[in-house]
Amino acid sequence: MVQPQHRRPWGNDTSHDETPTTPVTPSPSSQVPSSNQMVIAYEQPKLTLSQRLGYEVLTLVVGKEPRIEPFAVHKNMLRDLGGVFTQMCAESPSGTKVNLKNEDPEVFKLLIDYAYTEEIPHVSVWSNANEKAAQLRNLIQFYALADKFSLNLDVRNRTMDNIQDGFYIVGKLPEGPLVHAVYEHSDADSKLRKFCAATMAYHLHDENYVQDGVIPVLINSNEELMVDFLEAIRAYRHRQDPRIRHCKGNPLCVECDGSNHLEGKDGVHPCQFHIHDKFKNEDGEFVDGPCYLWKRG
């Protein structure tokens with residue numbers, strides 16, 4: 001699932017409505033206030049679903065025979081996802097059928113659910129073992145899809161946090177077949193890859209680790225995985241669990257907010273597997289932009 005770079009991962013059906021093109025509905029997220037309006041930073045009122053929908057719709061035809069499923073989706077909802085969908089909405093008039101032959105309809109439903117609910121899949125502590133396994137699978141598939149279509153960074157980062165939490169809740173690390181699948185269907189810079197490599201390094205250093213041949217087979221079968229694994233070994237610190245986000249007592253951390261719920265445990269930096277926009281600071285150095293895990297100091 002390599003991120004599309006030079007060509008569109010979709011095809012427009014030439015049989016879309018022949019009626020005059022409806023004017024583009026402005027997306028609420030794309031409307032910029034004029035200079036004479038008062039804007040309260042970071043506290044814009046949340047729009048209702050009916051305000052967000054608009055009236056333009058695309059039909060996404062997902063999958064290949066014998067598993068094809070059409071989804072009628074409001075353009076505003078797709079546009080707000082960002083990435084490839086922003087371009088898709090700009091190029092496709094309302095009523096267009098857009099073919100996404102290389103996607104799985106069941107996985108794509110997760111993305112559509114998010115578009116309308118803004119709820120990212122997660123693993124619930126109250127679920128049984130089978131339900132947790134299914135929830136974790138949905139999370140990983142959702143992240144892979146978000147990565148492929150270059151969804152907003154905030155969506156991908158929050159999904160990665162839920163993946164870390166999910167593996168911690170089920171008390172497991174990514175297993176060989178999953179790691180192999182991640183590397184087969186992701187971009188070289190995918191943070192999901194980095195997370196898998198870090199869990200392998202953590203597992204290797206576990207005092208209960210038993211040499212079962214899985215790690216050697218994995219790294220020998222994929223050169224990119226070998227590079228990531230060696231980098232994870234180099235960066236490994238004793239007892240740092242990659243499933244745990246640990247701020248080391250930073251008072252600006254939103255998740256712990258001064259509590260000691262991680263006492264006796266260790267983990268990685270909270271943004272270890274995040275992707276952030278880069279900005280130049282006063283010294284001309286590129287630094288990470290703001291993250292929802294930190295209070296604005």
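Only this structure's heavy atoms are used, side chains among them; waters, hydrogens and symmetry mates stay out. Remember, it's a predicted structure, so these values are computed and weren't measured experimentally.
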Task: Trp294/His269 aromatic ring centres below 6.0 Å - done: yes
Open item on the list: So that I can tick it off, tell me whether Lys109 and Asp113 are bridged by a salt bridge, with the cut-off set at under 4.0 angstrom between side-chain N and carboxylate O.
Closed with: no
Task: Electrostatic pair Asp228:Lys194 at N-O distance under 4.0 angstrom - done: yes
Task: Test item: side-chain donor near acceptor, Lys148 and Tyr143, under 3.5 Å - done: no
Task: Smallest separation among heavy atoms of Cys89 and Leu58, with atom names - done: SG-CD1, 4.4 Å
- [ ] In sequence, state the C-alpha distance, the side-chain angles, and the governing distance for Ile68 and Glu65, and then conclude on side-chain contact (heavy atoms from CB on, under 4.5 Å).
- [x] CA-CA 6 Å; Ile68 297 178; Glu65 291 288 359; 3.6 Å; yes
- [ ] State whether Glu255 and Arg245 are salt-bridged, where the test is any N-O pair (Lys NZ or Arg NE/NH1/NH2 against Asp/Glu carboxylate O) under 4.0 Å.
- [x] yes
Task: Among Ile163, Leu139, Asp165, the one residue meeting side chain to side chain contact (heavy atoms under 4.5 Å, CB included) with Val123 - done: Leu139
Open item on the list: Just checking Phe279 against Phe286, ring centres under 6.0 Å apart?
Closed with: no
Open item on the list: Whether the Ser124 and Gln135 side chains hold a donor-acceptor pair (N or O, under 3.5 Å, no angle test) is what I'd like checked.
Closed with: no
Task: Check: His122 ring centre within less than 6.0 Å of Phe142 ring centre - done: no
Task: Distance-only polar pair, side chains of Arg193 and Ser186, donor-acceptor under 3.5 Å - done: yes
Open item on the list: Once rounded to the nearest 0.5 Å, what's the spacing between atom CG of Leu111 and atom CG of Leu78?
Closed with: 8.0 Å
Task: Atom of Asn128, atom of Asn130 and distance for their closest heavy-atom approach - done: OD1-N, 3.1 Å
- [ ] Determine whether the side chains of His74 and Tyr116 contain a donor N or O and an acceptor N or O closer than 3.5 Å.
- [x] yes
Open item on the list: For Phe85 and Phe149, take the angle between the two ring planes, folded into 0 to 90°, and tell me which bin it lands in: parallel under 30, tilted 30 to 60, perpendicular over 60.
Closed with: parallel
- [ ] Dump the intermediate steps for side-chain contact (heavy atoms from CB on, under 4.5 Å) on Leu60 and Met88, then the final yes or no.
- [x] CA-CA 11 Å; Leu60 307 183; Met88 180 189 295; 4.0 Å; yes
Task: Point-to-point distance, once rounded to the nearest 0.5 Å, from CG of Leu151 to CG of Leu145 - done: 7.5 Å
TODO: Measure the spacing between CG of Asp80 and CD of Glu118 and express it to the nearest 0.5 Å.
DONE: 8.0 Å
- [ ] Check whether any side-chain heavy atom of His274 sits under 4.5 Å from a side-chain heavy atom of Tyr292, and report yes or no.
- [x] yes
Task: Closest non-hydrogen atom pair between Ala232 and Ala197, with its separation - done: CB-O, 3.6 Å
